[in-house]
Amino acid sequence: MSVVVPIGSAKAAPVASPERVGVLLVNLGTPDTADARGVRVYLKEFLSDARVIEDQGLLWKLILNGIILRVRPGRKARDYQKIWNTEKNESPLKTITRAQAEKLGEAISDHDHVVVDWAMRYGNPSIRSRIDALTAQGCNRLLVVPLYPQYSAATSATVCDEVFRVLADMRAQPILRVTPPYYDDPDYIEALAASINTHLATLPFQPELIVASFHGMPQKYIDKGDPYQAQCAATTEALRQRMGLDASKLLLTFQSRFGFDEWLKPYTDKTMERLAQEGVRRIAVITPGFSADCLETLEEIAQENAEIFEHNGGEKFAFIPCLNASEPGMDVIRQLVLRELQGWI
């Protein structure tokens, strides 16, 4: 015998409240202080990572502890002091990454079960501390966002390594997702083009060409299969097409060499020398491999490479900032995050 329940007396099925989701933005890292001690602590962690320096054998440990960590911290500390955010007593990278997290949180605040936080792969706040904080807030789903447009084992992969190490120590692990690289994402290319055009419009001169400088990498890492170089080339080519520039007007170079191995070419500093010596007098430089300005952009490019260009005969040098927490830059991150959160929000 069947029983018919009147519609008016039927109870609605309970609606499950959405599970809390943590979104963790992660950038490379920074010293806690702009002195030799702070830089030494940071460099030791960074250069002890087998993703960064793959040969962590006895010879490297002797070089690292016996030479590099004795000599390099003082010199790099002076570089950090040139760009340090003295008001907050922190590096610009930390200031900007915090702002990116805060603005992302505001942009997706209509999803009130989503918690946005940020961390550094090396230094503070650590990935472990922020995952612990997110899980303590009830986040049982975690989206990790490596803030690198192009993938590399020395950047994106080592973020995942550290996340996996943290999760390996947890009994109740959150469900995990990681955003992919966005090197040729149309939103990213459009944001770069808009940023370039906006800054060029403010200059009192017209650059003869633009240099796109990416962080370098040992050539042997590429030979082993790292896709980084190909993705840098793809970013540059997409930007050329978007801006209607050929390879002679938008150059691809690589900066920040370290050690004695051959690194990806052409080198940014050598390109600055060559261009000036060949008669180029006005250039602009962008750094599309960085999501936020840092030592490598604000000191190495905007100061050191500007000096190299001008010393060799160049006259006008413009550094175009990273997307940082600008509206176009935040739109790229927001779109990326919302796309990868599908099914969770």
Side-chain angles (χ1 to χ4, degrees), residues 28 47 52-54 63 67-68 71-72 75-76 78-80 82-83 148-150 152 154-155 183 192 196 199-200 203 205-224 226-237 239-240 243 245-290 293-322:
L28 184 74
L47 296 175
V52 177
I53 303 296
E54 293 187 356
I63 293 172
I67 301 176
I68 294 174
V71 176
R72 195 170 179 84
R75 184 167 68 249
K76 299 309 291 184
R78 289 189 290 274
D79 290 339
Y80 271 106
K82 297 175 186 177
I83 66 163
Y148 310 110
Q150 298 80 22
S152 134
T155 54
Y183 61 96
L192 287 176
I196 292 169
H199 284 87
L200 290 182
L203 297 179
F205 65 92
Q206 182 67 33
E208 297 168 57
L209 54 84
I210 300 172
V211 175
S213 179
F214 294 81
H215 200 288
M217 173 180 289
Q219 179 63 48
K220 63 185 180 183
Y221 291 9
I222 301 299
D223 296 340
K224 293 178 180 179
D226 199 296
Y228 177 70
Q229 183 180 28
Q231 293 187 6
C232 292
T235 297
T236 307
E237 184 55 34
L239 191 55
R240 286 171 181 153
M243 301 192 69
L245 300 174
D246 61 27
S248 68
K249 294 301 182 181
L250 179 53
L251 280 60
L252 166 63
T253 65
F254 295 95
Q255 64 184 83
S256 309
R257 299 192 305 282
F258 177 78
F260 301 102
D261 290 333
E262 180 179 340
W263 281 49
L264 295 178
K265 294 180 179 178
Y267 299 145
T268 299
D269 55 358
K270 298 300 181 183
T271 300
M272 294 298 148
E273 291 180 10
R274 177 181 62 79
L275 291 173
Q277 292 169 1
E278 291 177 353
V280 175
R281 294 293 173 260
R282 304 179 307 279
I283 65 169
V285 181
I286 59 172
T287 51
F290 299 87
D293 280 313
C294 55
L295 185 72
E296 286 78 8
T297 66
L298 298 173
E299 194 282 326
E300 184 180 353
I301 295 297
Q303 299 181 32
E304 182 181 330
N305 275 270
E307 291 175 4
I308 292 172
F309 181 68
E310 292 166 2
H311 179 75
N312 284 276
E315 297 174 359
K316 301 291 184 180
F317 182 103
F319 167 66
I320 297 176
C322 295

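Each residue takes its place number in the sequence, starting with 1. Atoms considered below: every heavy atom in the structure, side chains included; atoms not considered: hydrogens, waters and symmetry mates.
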Determine whether [X] and [Y] make a side-chain contact, defined as any pair of heavy atoms from C-beta on separated by less than 4.5 Å.
| X | Y | result |
| --- | --- | --- |
| Q150 | F214 | yes |
| L209 | S248 | no |
| V211 | L275 | yes |
| V285 | F309 | no |
| I283 | E208 | no |
| E273 | I308 | yes |
| I210 | L251 | no |
| L192 | I286 | no |

So, taking the atom named [atom1] in [X] and the one named [atom2] in [Y], what distance separates them when rounded to the nearest 0.5 Å?
| X | Y | atom1 | atom2 | answer |
| --- | --- | --- | --- | --- |
| M272 | E310 | CE | CD | 11.0 Å |
| L200 | M243 | CG | CE | 6.0 Å |
| L252 | Q229 | CG | CD | 8.0 Å |

Counting only N and O atoms by type, is there a donor-acceptor contact under 3.5 Å from the side chain of [X] to the main-chain atoms of [Y]?
| X | Y | result |
| --- | --- | --- |
| Y148 | L28 | yes |
| T235 | Y183 | yes |
| W263 | F258 | yes |
| R240 | L245 | no |
| R281 | A276 | yes |
| T253 | Y267 | no |
| S152 | A154 | yes |
| Y221 | E54 | yes |

Might you work through the side-chain contact (heavy atoms from CB on, under 4.5 Å) test for M217 and I222, ending with a clear yes or no?
-> CA-CA 8 Å; M217 173 180 289; I222 301 299; 3.6 Å; yes
Nearest heavy-atom neighbours spanning T268 and S213 |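 Distance-wise, the nearest heavy atoms are OG1-OG, 2.8 Å.
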Which pair of heavy atoms, one from F254 and one from G216, lies closest together, and at what distance?
->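 Reported closest heavy-atom pair: CB-CA, 4.0 Å.
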Provide the full list of salt bridge (charged side-chain N to carboxylate O under 4.0 Å, His left out) pairs with a residue in residues 293-303, sequence neighbours left out, each pair given once.
->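 Every salt bridge (charged side-chain N to carboxylate O under 4.0 Å, His left out) pair that includes a residue of residues 293-303, provided the two are not neighbours, is K82-E299.
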Which pairs, with at least one residue in residues 248-257 and sequence neighbours excluded, count as a salt bridge (charged side-chain N to carboxylate O under 4.0 Å, His left out)?
->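 Residue pairs with at least one partner in residues 248-257: R257-D269.
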Residue list, salt bridge (Lys or Arg N to Asp or Glu O under 4.0 Å) with R274, at least two apart or on another chain =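 Salt bridge (Lys or Arg N to Asp or Glu O under 4.0 Å) list for R274, sorted by chain: E278.
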For side-chain contact (heavy atoms from CB on, under 4.5 Å), just list the numbers for I320 and T287, CA-CA rounded to whole Å, side-chain angles, deciding distance to a tenth of an Å, and then say yes or no.
-> CA-CA 8 Å; I320 297 176; T287 51; over 6 Å; no
side-chain hydrogen bond (donor to acceptor under 3.5 Å, both in side chains) between N312 and Q277, intermediate numbers included = CA-CA 6 Å; N312 284 276; Q277 292 169 1; 2.8 Å; yes
Salt bridge between K76 and D79, side-chain N to carboxylate O under 4.0 Å?
->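 Answer for the salt bridge query: yes.
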salt_bridge(K220, E262) N-O dist < 4.0 Å =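 Salt bridge absent between K220 and E262.
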